[in-house]
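For this chain, numbers begin at 1 and follow the sequence in order. Quantities reported herein were computed from a predicted structural model and do not represent experimental measurements.
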Amino acid sequence: MEETKQDFIQIHKSDNVWICLRDVKKGETVERNGQSVVAREDIPSGHKMANKSIAAGTDIVKYGFPIGHATVNIEAGEWVHSHNVKTNLEGEVSYSYNPVSTSVYPHARAENRTFLGYVRENGDVGVRNEIWIVNTVGCINKVAEQLAKMADQAYKSEHIDGVYHFPHPFGCSQLGDDLVHTQKILADLVNHPNAGGVLVLGLGCENNYIDLFKQAIGPYNAERVKFLAVQQVEDEMEEGLEQIEELVAYASRFKRQEVPVSKLKVGLKCGGSDGLSGITANPLVGAFSDQLISLGGATVLTEVPEMFGAETILMERAKDQQVYGKIVELINDFKHYFAKNGQPIYENPSPGNKKGGITTLEEKSLGCVQKGGFGRVDDVLQYGDRVSGNGLSLLQGPGNDLVSVTALAASGCQIVLFTTGRGTPFGGPVPTVKISTNTPLYERKKNWIDYNAGKLVEGAAMEDVAEDFFQYVLDLASGRVQTKNEVYGYKEIAIFKDGVML
């Protein structure tokens, strides 16, 4: 892709569509690299224009890959979208192991990069020193909210970055895997290194009662994790604040210190994608992932349904045949989940995606997987699993923004990178970096967006932007800057549900 300001992009030489970087009017003559095409209709910015005649049944090619096929004859200059394109995806796919060589980030400018983090007693590193209230059941969401509000006003300081709670509707009347999912995600949050201290708040009569939940948490430091069953005390606010005061005293012992960038674990997510997602923000995040991994860090990619149609790209990069087999299982299990519930496997993209210029699931997936860069896939994690090594891991999870960001945080990621072409105020329990695919979104939504990748189609070179973005993440990890979700208190969780509720 050229690194000069342009109005249209042809991503790969074999593509039979151009991406419009501005609104195009019917009758306008479009010229690119000596080729001249007359627009046959109005085409919105971010959408596709045919750069040649495409016969019905012929593949529409973007990124050098088919993203569907033409349902009618399409003339050069016509708008290419859901009215004349259909996905090629259908049913289940048979896979074979065809490994390819992988590369690492070629522009890593320093091998000893560091950030200022909080080294915990078990060796994990946090990028924030917060007090978290984790409630075992949704019945006491408001108790947790009130405690967090009172404690934050009392104890937020230069040593404590804030006191937070994470409301959810679960923990009672759940059976089987649903209860296990709830326990795993909440236990992961209890063990998260961004939390210097944790108050586990229970009701007393729920399925996920405290003594059972302790089994999910595993070994814990009694100074760092405290428990309160509110049915068993006369004044839960007074008792809760007393325990939080003890947690603050413990957490205040930790101070930021220089640690290697290899201690970073970063989640990769996109939401509200548009036609530029796979051209600007997602490749930028992919460059970040490759660079972090080359320096010994870890990244985690989720949204399994948004791998459909591009999954073979990830399979080819599997570390070995065992990891390849895990990727196949990851993909097929999610397809079975759709089928079990009587839903079409390829019911994607969303209405917002389509309005932004994405036509088929293949197109969305080919853009989505770019967040994982070009490096090797080292591991596959089940929902609720935690990252145990460096490199790129794939995590079981849906495309839903709230559920998948929560799963990334629960896996141990201290930061989540969230690309978007449409915008969202949502933030997870960890710093959630909103990266706009286009400059107008960045300029319009200053309260939501943290970084503008749109400059990549305005003349900026990927190498320069990638280096600037990498430094931004190091500054964020060091506490020198905050994300907008931190500034405005947008910190939420959502837990995956798939089962019977009493």
Colleague: Is it true that D15 and Y63 share a donor-acceptor pair across their side chains at a distance under 3.5 Å?
Modeller: no
Colleague: Are E363 and K48 close enough for a salt bridge, meaning some N to O gap below 4.0 Å?
Modeller: yes
Colleague: Are F308 and I331 packed together at the side-chain level, in the sense that at least one heavy-atom pair is separated by less than 4.5 angstrom?
Modeller: yes
Colleague: Side-chain contact test, heavy atoms from C-beta onward, threshold under 4.5 Å: evaluate it for I449 versus L441 and give yes or no.
Modeller: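 Counting from C-beta outward, I449 and L441 do come under 4.5 Å.
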Colleague: Distance check, rounded to the nearest 0.5 Å: E458 atom CD versus T280 atom OG1?
Modeller: 9.5 Å
Colleague: Can any side-chain N or O of S365 pair as donor or acceptor with the backbone N or O of G309 at less than 3.5 Å?
Modeller: no
Colleague: Within the side chain of N194, is there an N or O that forms a donor-acceptor pair under 3.5 Å with the backbone of V127?
Modeller: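 Answer holds: yes.
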Colleague: Crowded around K263 NZ? As in, over 12 foreign heavy atoms under 6.0 Å?
Modeller: no
Colleague: Would you say K319's side chain and D379's backbone share a donor-acceptor pair under 3.5 angstrom?
Modeller: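 Checking the backbone N and O of D379 against the side chain of K319, no donor-acceptor pair under 3.5 Å is found.
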Colleague: Are any of the side-chain heavy atoms of V323 and L394 separated by less than 4.5 Å?
Modeller: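 With C-beta onward as the side chain, the pair stays apart.
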Colleague: Assess, by modelled atom type and distance only, whether the side chains of N282 and S277 contain a donor and an acceptor separated by less than 3.5 Å.
Modeller: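 No, S277 and N282 have no side-chain donor paired with an acceptor closer than 3.5 Å.
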Colleague: Can you see which heavy atom on I293 is nearest to which on G391, and at what distance?
Modeller: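 Scanning both residues completely, I find the closest heavy atoms to be CD1-C, 3.7 Å.
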Colleague: For the residue pair V430 and Q414, establish whether any side-chain heavy-atom pair is separated by less than 4.5 Å.
Modeller: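 A side-chain contact is absent here, since even the closest heavy-atom pair is not under 4.5 Å.
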Colleague: Taking the six-membered ring for Trp, are the ring centroids of F418 and Y451 within less than 6.0 Å of each other?
Modeller: no
Colleague: Answer yes if the ring centres of H47 and W79 are under 6.0 angstrom apart, and no otherwise.
Modeller: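 Yes.
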Colleague: Using a 3.5 Å distance criterion without hydrogens, assess whether the side chain of N390 forms a donor-acceptor pair with backbone atoms of A298.
Modeller: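 No: the side chain of N390 does not pair with the backbone of A298.
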Colleague: Any carboxylate oxygen within less than 4.0 angstrom of a Lys/Arg side-chain nitrogen, looking at E306 and K364?
Modeller: yes
Colleague: Tell me if the NZ atom of K149 is crowded by more than 12 foreign heavy atoms within 6.0 Å.
Modeller: no
Colleague: Say whether D23 and S45, considering side chains only, have a donor N or O and an acceptor N or O under 3.5 Å apart.
Modeller: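 D23 vs S45: no donor-acceptor pair found between side chains.
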Colleague: Is it true that, when you exclude K25 itself, more than 12 heavy atoms of the residues, nucleotides or ligands shown sit nearer than 6.0 Å to its NZ?
Modeller: no
Colleague: Would you confirm whether N84, through its side chain, and H81, through its main-chain N or O, come within 3.5 Å as a donor-acceptor pair?
Modeller: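 Present.
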Colleague: How about D475 and Q471: does a side-chain donor come under 3.5 Å of a side-chain acceptor?
Modeller: yes
Colleague: Would you call the rings of F166 and W132 parallel, tilted or perpendicular, taking 30° and 60° as the class edges?
Modeller: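 Taking W132 first and then F166, their aromatic rings stand perpendicular (interplane angle over 60°).
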Colleague: Taking the basic N atoms (NZ, or NE/NH1/NH2) and the acidic carboxylate oxygens, is any pair closer than 4.0 Å for R422 and D274?
Modeller: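 Salt bridge absent between R422 and D274.
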Colleague: For residues V405 and G428, report the shortest heavy-atom separation together with the two atoms involved.
Modeller: CG1-CA, 3.8 Å
Colleague: For the residue pair D59 and N16, what are the closest heavy atoms and their distance?
Modeller: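 So the minimum-distance heavy-atom pair works out to O-ND2, 3.0 Å.
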Colleague: Looking just at side-chain N and O atoms, do T360 and T87 make a donor-acceptor pair shorter than 3.5 Å?
Modeller: no
Colleague: Measuring from atom CE of M315 to atom OG1 of T312, what distance do you get when rounded to the nearest 0.5 angstrom?
Modeller: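 It is 7.0 Å, given to the nearest 0.5 Å.
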Colleague: Which atoms form the tightest heavy-atom contact between A50 and I74, and what is the distance?
Modeller: CB-CG2, 3.8 Å
Colleague: Quick one: sort the H181 and Y383 rings into parallel, tilted or perpendicular, breaks at 30° and 60°.
Modeller: perpendicular
Colleague: Return yes if some donor-acceptor pair links the side-chain N/O of N438 with the main-chain N/O of G454 below 3.5 Å, else return no.
Modeller: no
Colleague: Quick one: do E486 and R128 make a salt bridge, cutoff under 4.0 Å?
Modeller: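 Between R128 and E486 there is a salt bridge, with a charged N closer than 4.0 Å to a carboxylate O.
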Colleague: Identify the two heavy atoms, one from S436 and one from N452, that lie closest to each other, and give their separation to 0.1 Å.
Modeller: OG-OD1, 3.1 Å
Colleague: May I ask you to check whether F470 and F288 place their ring centers less than 6.0 Å from one another?
Modeller: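 Yes, close enough.
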Colleague: Can you tell if the side chain of H12 reaches within under 4.5 Å of the side chain of V61, non-hydrogen atoms only?
Modeller: no
Colleague: Say whether, by atom type as modelled, one donor and one acceptor occur between the side chain of K354 and the main chain of S82 under 3.5 angstrom.
Modeller: no
Colleague: Below 4.5 Å, heavy atoms only, C-beta onward: do Y97 and V328 meet side chain to side chain?
Modeller: no
Colleague: Test your reading of the model: is there a side-chain donor-acceptor pair from R120 to the backbone of P193, 3.5 Å cut-off?
Modeller: yes
Colleague: State plainly whether the residues E78 and K26 are in salt-bridge range, i.e. N to O under 4.0 Å.
Modeller: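 Here E78 does not pair with K26 in a salt bridge, since their nearest N and O are not under 4.0 Å apart.
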Colleague: Begin from the C-alpha positions of K371 and E303 and carry the test salt bridge (Lys or Arg N to Asp or Glu O under 4.0 Å) through to its verdict.
Modeller: CA-CA 11 Å; K371 298 192 303 294; E303 301 178 281; 3.4 Å; yes
Colleague: Hey, does R376 have a side-chain heavy atom less than 4.5 Å from the side chain of L392?
Modeller: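 No; the side chains remain at least 4.5 Å from each other.
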Colleague: Between N485 and T432 (side chain of the first, backbone of the second, donor and acceptor by atom type, cut-off under 3.5 Å), is there such a pair?
Modeller: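 Yes, the answer is positive, given that a donor and an acceptor are paired below the 3.5 Å cut-off.
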Colleague: Salt bridge (Lys or Arg N to Asp or Glu O under 4.0 Å) for K335 and E311? Distances and angles first, verdict last.
Modeller: CA-CA 12 Å; K335 290 182 178 179; E311 65 267 40; 3.7 Å; yes
Colleague: Any side-chain to backbone donor/acceptor pair from D378 onto S393? Under 3.5 Å, distance only.
Modeller: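 Looks like no, no N/O pair under 3.5 Å.
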Colleague: Are any of the side-chain nitrogens in R22 or D7 under 4.0 Å away from the carboxylate oxygens of its partner?
Modeller: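 So R22 pairs with D7 through a salt bridge.
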Colleague: D498 versus Y337: any side-chain heavy-atom pair under 4.5 Å?
Modeller: yes
Colleague: Could you report the tightest heavy-atom contact between T439 and K455, atom names first, then the distance?
Modeller: OG1-N, 3.9 Å
Colleague: Could you please spell out the steps behind the side-chain contact (heavy atoms from CB on, under 4.5 Å) verdict for E467 and D464?
Modeller: CA-CA 5 Å; E467 175 58 25; D464 295 334; 6.0 Å; no
Colleague: Do N88 and H69 get their side chains close enough for a donor-acceptor pair, meaning under 3.5 Å?
Modeller: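 H69 and N88 do have a side-chain donor-acceptor pair below 3.5 Å.
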Colleague: Using 30° and 60° as the class limits, which term best fits the ring planes of F170 and H168: parallel, tilted or perpendicular?
Modeller: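 Ring orientation of F170 relative to H168: tilted.
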